[in-house]
**Q** 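Dumping the structure here so I can ask a few things about it.
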Amino acid sequence: MTGTALTDFAKQLDKTAEDTEALLSQLLSDAVLPDEIARPKRVVDAMRYSSLGGGKRLRPFLVVESAAVFSVPREAALLAGAALECIHCYSLIHDDLPAMDNSDLRRGRPTLHKAYDDATAILAGDALLTIAFDIITRDEIHREPAVRLALTRALARASGVGGMVGGQMLDLAGEGRFGDRGPVDVARVQQMKTGALLRFGCIAGAILGQASEAEYKALDDFGRALGEAFQIADDLLDVESDAATLGKPAGADAELGKTTFVTQLGIEGAKQRVRDLLARGDAALSIFGAKGEVLRAAARFVAERKN
Ligand code: GRG
């Protein structure tokens, strides 16, 4: 990306992050909704601690920009993006717990279970997961219930046993948590653990925009390429960056003796794979012409990010 394109992109990303922050602050308030009984302060505070004031908001950005391709109203896309971000934040809270990655640092601050306690962190994660499905089904997302249903089902499948949760299970198994390590299918773990939510961010726009089959497939292909590029960038950062830049410990993969894209392809091989994925993403987006420009920039941002 040129300097100007990068600045424009950074401004757009910041704007969506700001809008997402404001929306999450409203959605994760202590105001009780119809059919709810009460929102206990401690769990609301914990949900807010982990969801506000940090994060690139890349997933909401993908929803907003994939939806913009079809001129979907920004407010509707932001709401869907906020639901996705709630799932992402829940996954980070649970991933950091002692029973999982046992991390002390996230987004440059103590992890939730360190700032509060394990039980509160588990419940805050559960509540974020649940509220995501309250948000994604709201009438303001789309006038047609069938569209809301398709979006909700896609989010469930990206997040659950056949998506992110399943990927986390495969990842833990690959660390030898449940007995022998066995061979690790790095690509499969990536597609599920981190790729599924990123792909959802891209197909969400197609669902909201009631895309043609070819348009849906284009965003699906793009989302898969972007997801893999994101994970390879993450693996590269783990070996090439430091905790101050990352906002979380570096070198964690090597410490666990993990098989990653970098251990499989080497540093240069991993960088080449990222370049190939960017080309694949560009090719997928060609169907949208100039309307795909921001998504193309998003893929570059993901590949070149520093944290
Ligand atoms: C516990 C059910 C469960 C799932 C956890 C996605 C996941 C599965 C764990 C995340 C672990 C991790 C740190 C993976 C590396 C890639 C990743 C998802 C990084 C964080 O995402 P960013 O960079 O974070 O988008 P921000 O802070 O910008 O939102």
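Excluded from the calculations below are hydrogen atoms, water molecules and symmetry mates; all remaining heavy atoms, backbone and side chain alike, are included. Given the structure is predicted, the values throughout are model-derived calculations rather than measurements. Just so you know, ligand 1 is whichever comes first in the structure, and atom 1 is the first atom listed for that ligand.
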**Q** Give a yes-or-no answer on whether the side chains of Gln231 and Asp235 include a donor-acceptor pair shorter than 3.5 Å.
**A** yes
**Q** Under 4.0 Å from a heavy atom of Thr194: give me the atoms of ligand 1 that qualify, with their elements.
**A** 16 (C), 18 (C)
**Q** For the residue pair Tyr116 and Tyr49, does the interplanar ring angle fall in the parallel (under 30°), tilted (30 to 60°) or perpendicular (over 60°) class?
**A** perpendicular
**Q** Output every pair passing salt bridge (charged side-chain N to carboxylate O under 4.0 Å, His left out) with a member in residues 146-168, not counting sequence neighbours, ordered by first then second residue.
**A** Asp139-Arg148
**Q** Of all the heavy atoms in Arg59, does at least one lie under 4.0 Å from an atom in ligand 1?
**A** yes
**Q** Which heavy atom of Leu278 sits nearest to which heavy atom of Arg300, and what is that distance?
**A** CD2-N, 3.9 Å
**Q** Give the atoms of ligand 1, by number and element, whose distance to some non-hydrogen atom of Gly55 is under 4.0 Å.
**A** 26 (P), 27 (O), 28 (O), 29 (O)
**Q** N/O to N/O below 3.5 Å, does that happen between His88 and ligand 1?
**A** yes
**Q** At a non-hydrogen distance cut-off of under 4.0 Å, which region of Lys56 contacts ligand 1 (side chain, backbone, both, or neither)?
**A** both
**Q** If you measure every N/O of Asp95 against every N/O of ligand 1, is any gap under 3.5 Å?
**A** no
**Q** Will you find, in the side chains of Thr120 and Asp117, an N or O donor that is under 3.5 Å from an N or O acceptor?
**A** yes
**Q** Once you restrict to heavy atoms under 4.0 Å, what part of Arg305 touches ligand 1? Side chain, backbone, both or neither.
**A** side chain
**Q** Cation-pi check, Arg59 to Phe230: give yes when NZ or CZ is under 6.0 Å from the six-membered ring centre and within 45° of the ring axis, no otherwise.
**A** yes
